[in-house]
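Encoded as structure tokens, the structure appears first; notes follow it.
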Amino acid sequence: MAPYEALYGRQCRSPMDWFESGESRLLVTDLVQDALNKVKLIQERLRMAQSRQKSYVDRKVRDVSYMVGEKVLLKVSPMKDVMRFGKKSKLSPRFIGPFEVL
């Protein structure tokens with residue numbers, strides 16, 4: 001006696017037994033086709049989202065030029081558990097400098 005049959009008192013009806021032999025082939029191809037359609041839809045939506053985000057960034061990007069003698073601040077990204085530029089009061093510095101452009 002199989003474990004499932006002993007536990008539930010009837011034979012296990014796996015998905016293979018739910019359909020006739022000819023029906024299962026049609027069902028499998030439909031499932032595969034549905035999955036492929038969903039993948040294409042997801043790819044299209046990702047492409048649209050990336051395009052939208054790129055257009056937002058492209059509006060903000062601009063060429064920056066500096067003249068010799070100007071002073072600039074350098075932006076630093078804080079690394080976790082690494083204090084390279086020291087800690088001032090409660091917050092880590094986001095910009096360091098000013099540095100003179102040579």
Side-chain angles (χ1 to χ4, degrees):
M1 183 178 283
Y4 186 90
E5 190 175 347
L7 184 63
Y8 294 105
R10 60 183 171 88
Q11 289 184 347
C12 176
R13 291 190 57 195
S14 66
M16 301 301 282
D17 296 334
W18 291 354
F19 305 101
E20 298 297 324
S21 61
E23 283 184 52
S24 64
R25 287 186 185 157
L26 294 175
L27 178 69
V28 170
T29 56
D30 289 343
L31 289 176
V32 170
Q33 191 63 36
D34 289 344
L36 289 175
N37 289 340
K38 287 180 182 180
V39 166
K40 286 180 183 178
L41 179 67
I42 291 169
Q43 286 175 341
E44 180 183 333
R45 289 183 179 171
L46 279 173
R47 199 174 302 117
M48 286 179 7
Q50 288 172 343
S51 172
R52 187 179 323 113
Q53 290 173 356
K54 186 178 182 319
S55 69
Y56 293 152
V57 171
D58 287 345
R59 282 189 232 151
K60 294 182 180 182
V61 172
R62 60 176 185 239
D63 292 332
V64 179
S65 59
Y66 298 101
M67 297 178 63
V68 175
E70 284 185 329
K71 298 209 181 256
V72 295
L73 295 173
L74 297 180
K75 185 174 183 177
V76 294
S77 56
M79 297 173 61
K80 195 172 187 177
D81 297 334
V82 176
M83 299 305 297
R84 291 189 180 195
F85 304 109
K87 189 172 185 180
K88 297 177 182 174
S89 68
K90 291 186 177 181
L91 302 174
S92 300
R94 299 290 188 250
F95 295 92
I96 58 171
F99 295 101
E100 187 173 338
V101 177
L102 301 177

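Because only heavy atoms are used, hydrogens play no part in the values below, and waters and symmetry mates are left out as well, while side chains stay in.
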Discussion item. Going by salt bridge (charged side-chain N to carboxylate O under 4.0 Å, His left out), name the residues that satisfy it together with Lys54, two or more places apart in sequence or in a different chain.
Written reply: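 Listed in chain order: Asp58.
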Item to complete: Compare all side-chain heavy atoms of Val72 with those of Val101 and state whether any distance is below 4.5 angstrom.
Response: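 Side-chain contact under 4.5 Å: yes.
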Worksheet item: Do Asn37 and Leu41 come close enough that some side-chain heavy atom pair is under 4.5 Å?
Response: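 Result no, sub-4.5 Å side-chain heavy-atom pair not found.
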Discussion item. Would you compute the distance between atom CD of Glu70 and atom CE of Met67 and round it to the nearest 0.5 angstrom?
Written reply: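 One gets 6.5 Å once the value is rounded to the nearest 0.5 Å.
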